[in-house]
Novice: 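Following this message is one structure expressed as structure tokens.
First the proteins, then the strands, lettered A, B, ... as listed; each starts at 1. We use all heavy atoms of the structure for the numbers below, so side chains are in, but hydrogens, waters and symmetry mates are not.
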Number of protein chains: 2
Amino acid sequence: MSSPDNGNHNIAATVFHDLRRQILSGQLAPGERLPGERELAATYGTNRNTLREAVRRLEQTRLVTVRHGQGVTVANYRRTGTMDLLSPLLEASTNLSEVAHILQDILPARVLVLEFAARLAVQRADKSDIERLRDITDLLVSAFEGRDPTVMAHGFQRWLDALIDAGHSVAIRWIANPFLEAYRDLLDRFPVLWVLDASFPSHLREFLKALEDGNEEATVAAVRSYYSNIDEAVLRTLAELRASSRT
Amino acid sequence: MSSPDNGNHNIAATVFHDLRRQILSGQLAPGERLPGERELAATYGTNRNTLREAVRRLEQTRLVTVRHGQGVTVANYRRTGTMDLLSPLLEASTNLSEVAHILQDILPARVLVLEFAARLAVQRADKSDIERLRDITDLLVSAFEGRDPTVMAHGFQRWLDALIDAGHSVAIRWIANPFLEAYRDLLDRFPVLWVLDASFPSHLREFLKALEDGNEEATVAAVRSYYSNIDEAVLRTLAELRASSRT
DNA sequence: TGAAGACGCCTGGTTGAACCAATTCTGACC
DNA sequence: GGTCAGAATTGGTTCAACCAGGCGTCTTCA
């Protein structure tokens with residue numbers, strides 16, 4: 001079990017990712033016991049210290065529990081986990097059906113988070129926040145008209161970042177981070193999910209205007225309506241992909 | 001620098017908690033560089049391997065970044081962190097003012113999470129979920145009338161757990177977990193924040209009835225009104241504590 | 001015969017030393 | 001003054017030994 005895997009030149013990290021994938025994909029079920037550290041180290045062709053780093057990282061992410069004298073057991077992470085597991089879980093999902101099932105739960109929560117972020121932004125954004133959002137909006141709109149997907153994808157990440165920053169709240173930043181991370185990773189993996197209809201520029205403009213006017217309800221409504229549309233399109237695209245992959 | 005600290009008989013965990021506290025309390029500022037592993041190990045009176053476990057756990061929680069050849073630097077966790085840091089951050093806060101400032105941001109988000117959980121519960125709860133909530137409600141109401149704070153605190157944790165479970169959503173569970181953890185730790189530290197007015201039983205009953213009726217808006221409204229009240233009372237109590245501690 | 005305790009074997013926890021590898025600093029050299 | 005080789009520093013990996021918790025077994029004794 002060599003594991004050339006990714007370009008990561010870090011043995012402990014490689015082992016960690018491999019074990020995490022095995023757990024999140026169900027190959028290692030909750031309650032199941034992992035081999036001992038000595039055996040695992042031999043399996044991965046490394047030594048105990050390096051392997052222990054990987055296991056402790058698993059423990060830190062609540063994927064396993066380690067007890068002196070008893071060994072390492074896979075934790076019931078669906079109950080005890082946190083959103084940090086979102087991106088890895090999507091990454092470990094082997095088929096579109098699983099991804100769709102997870103997204104059905106996640107996307108409404110994401111809308112809620114972004115609504116909350118928008119509300120905070122209206123209340124707390126200063127001039128530089130709004131200016132930053134306006135710059136990114138201009139960039140996104142021109143990229144949209146020029147059909148430049150790379151600039152758009154990158155720009156949209158920046159737009160979300162700017163929205164979160166405008167809330168000036170550690171809480172919303174910490175809540176949003178796992179969503180943003182999962183969103184980025186998911187688009188890297190399934191670029192087809194990058195769904196945008198012709199209303200994209202007008203929605204961005206509408207949001208910006210509501211924010212500048214300090215109209216809280218209009219700002220929140222703009223975010224809600226836009227992302228609800230996006231999410232429906234994403235789920236619809238996923239359903240089509242699943243249908244076509246079965247043929 | 002011994003560190004008898006908590007009852008944890010685990011050197012790496014002890015060092016991890018100590019460094020985490022130093023970072024979250026601001027003693028170690030973002031961008032600052034930590035001493036080398038060899039030096040840190042000597043400082044804590046342990047060896048490099050054990051100390052490395054502590055540092056890797058810090059890295060896993062995004063509190064530091066580690067780069068080969070460059071050392072360990074404190075990360076800008078306010079920007080890159082996740083809600084996992086909430087409870088440790090509150091724990092590291094040395095004065096009530098900091099706690100109050102954090103809670104002002106967190107509590108509205110918590111209400112939102114619980115509203116979302118309530119909405120999911122209405123849509124997805126089965127008979128056993130409702131029965132479980134009813135049992136806990138009965139227990140809580142009788143404990144309230146009997147003024148039994150221990151039973152109440154424990155029971156209320158169970159009530160929140162049951163509400164989350166009734167949503168049958170991994171997403172809401174993962175989102176809620178850091179809140180529940182922080183809530184529990186905070187009440188352990190500041191029992192005075194355990195604020196309940198006389199309307200507590202009726203609010204619980206009202207929520208349960210709306211849930212049983214499948215009335216989504218009424219259920220969400222019950223959660224919102226109750227927790228908005230609670231949160232106002234908590235912030236008010238905190239403000240009073242700060243005022244009295246300054247005299 | 002049955003229960004109590006000693007032992008052995010599993011497990012993770014800790015240690016110290018040595019070496020590999022990435023980065024940066026230093027100073028000689030051109 | 002700029003360049004580059006190499007030393008110094010830092011994390012990355014390996015090894016081998018021992019400490020310590022948990023559990024089953026096997027002996028011993030009542």
Novice: Nearest whole angstrom, please: distance from the P of D:dG12 to the CG of A:Asn10.
Specialist: 6 Å
Novice: Which residues pass the side-chain hydrogen bond (donor to acceptor under 3.5 Å, both in side chains) test with B:Asn47, sequence neighbours left out?
Specialist: B:Thr50
Novice: Please table the atom pairs, donor to acceptor, closer than 3.5 Å between any side-chain atom in residues 147-157 of chain A and protein atoms at least two apart or in another chain.
Specialist:
{"unit_1": "A:Asp148", "atom_1": "OD1", "unit_2": "A:Thr150", "atom_2": "N", "d": "3.4"}
{"unit_1": "A:Asp148", "atom_1": "OD1", "unit_2": "A:Val151", "atom_2": "N", "d": "3.4"}

Novice: Verify the distance criterion only: is there a donor paired with an acceptor across the side chains of B:Gln22 and B:Asp18 at less than 3.5 Å?
Specialist: yes
Novice: Once ring pair (Phe, Tyr, Trp, His ring centres under 6.0 Å) is applied, do any residues pair with A:Phe144, and if so which ones, sequence neighbours excluded?
Specialist: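 Ring pair (Phe, Tyr, Trp, His ring centres under 6.0 Å) list for A:Phe144, sorted by chain: A:Phe200.
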Novice: Side-chain polar contacts of residues 60-75 of chain B - donor-acceptor pairs under 3.5 angstrom, sequence neighbours left out - could you list them?
Specialist:
{"unit_1": "B:Gln60", "atom_1": "OE1", "unit_2": "A:Arg57", "atom_2": "NE", "d": "2.7"}
{"unit_1": "B:Gln60", "atom_1": "OE1", "unit_2": "A:Arg57", "atom_2": "NH2", "d": "3.2"}
{"unit_1": "B:Thr61", "atom_1": "OG1", "unit_2": "B:Arg57", "atom_2": "O", "d": "2.9"}
{"unit_1": "B:Thr61", "atom_1": "OG1", "unit_2": "B:Leu58", "atom_2": "O", "d": "3.0"}
{"unit_1": "B:Arg62", "atom_1": "NH2", "unit_2": "A:Glu181", "atom_2": "OE1", "d": "3.0"}
{"unit_1": "B:Thr65", "atom_1": "OG1", "unit_2": "B:Thr73", "atom_2": "OG1", "d": "2.8"}

Novice: Under 3.5 Å, side-chain donor or acceptor atoms of residues 186-195 of chain A against the rest of the protein: list the pairs with distances, not counting sequence neighbours.
Specialist:
{"unit_1": "A:Arg189", "atom_1": "NH1", "unit_2": "A:Leu90", "atom_2": "O", "d": "2.4"}
{"unit_1": "A:Arg189", "atom_1": "NH1", "unit_2": "A:Glu91", "atom_2": "O", "d": "3.4"}
{"unit_1": "A:Arg189", "atom_1": "NH2", "unit_2": "A:Ser93", "atom_2": "O", "d": "2.6"}

Novice: Considering heavy-atom distances to DNA chain D, does B:Gly71 or A:Asn47 have its closest nucleotide positioned more toward the 5' end?
Specialist: B:Gly71
Novice: With A:Ser97, which residues qualify under side chain to side chain contact (heavy atoms under 4.5 Å, CB included), at least two apart?
Specialist: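 For A:Ser97, the residues satisfying side chain to side chain contact (heavy atoms under 4.5 Å, CB included) (neighbours in sequence not counted) are A:Asn95, A:Arg242.
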Novice: Check side chain to side chain contact (heavy atoms under 4.5 Å, CB included) between A:Asp105 and all other residues, then give those that pass, not counting sequence neighbours.
Specialist: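 Only B:Arg124, B:Ser169, B:Ala171 meet the side chain to side chain contact (heavy atoms under 4.5 Å, CB included) criterion with A:Asp105.
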Novice: Under a 4.0 Å heavy-atom cut-off, which of residues 48-64 of chain B touch DNA chain C?
Specialist: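 When residues 48-64 of chain B is checked for heavy atoms under 4.0 Å from DNA chain C, the hits, listed by number, are B:Arg48, B:Asn49, B:Thr50.
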Novice: At the 4.0 Å heavy-atom cut-off to chain A, mark where contacts on DNA chain C begin and end, going 5' to 3'.
Specialist: C:dT11 to C:dG16
Novice: How does each nucleotide of nucleotides 19-24 of chain D score, in 5' to 3' order, for protein heavy atoms under 4.0 Å: base (B), sugar-phosphate only (S), or none (-)?
Specialist: -BBSS-
Novice: Considering only residues two or more places apart or on different chains, which pairs with a residue in residues 26-47 of chain A satisfy salt bridge (charged side-chain N to carboxylate O under 4.0 Å, His left out)?
Specialist: A:Glu37-A:Arg48, A:Glu37-A:Arg52
Novice: Starting at the 5' end of DNA chain D, which residue's closest nucleotide do you reach first, A:Thr46 or B:Glu39?
Specialist: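 Closer to the 5' end of DNA chain D: B:Glu39.
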Novice: Could you work out, with side-chain hydrogen bond (donor to acceptor under 3.5 Å, both in side chains) as the rule, every residue matching A:Ser25, not counting sequence neighbours?
Specialist: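 A:Ser25 satisfies side-chain hydrogen bond (donor to acceptor under 3.5 Å, both in side chains) with A:Gln27 only.
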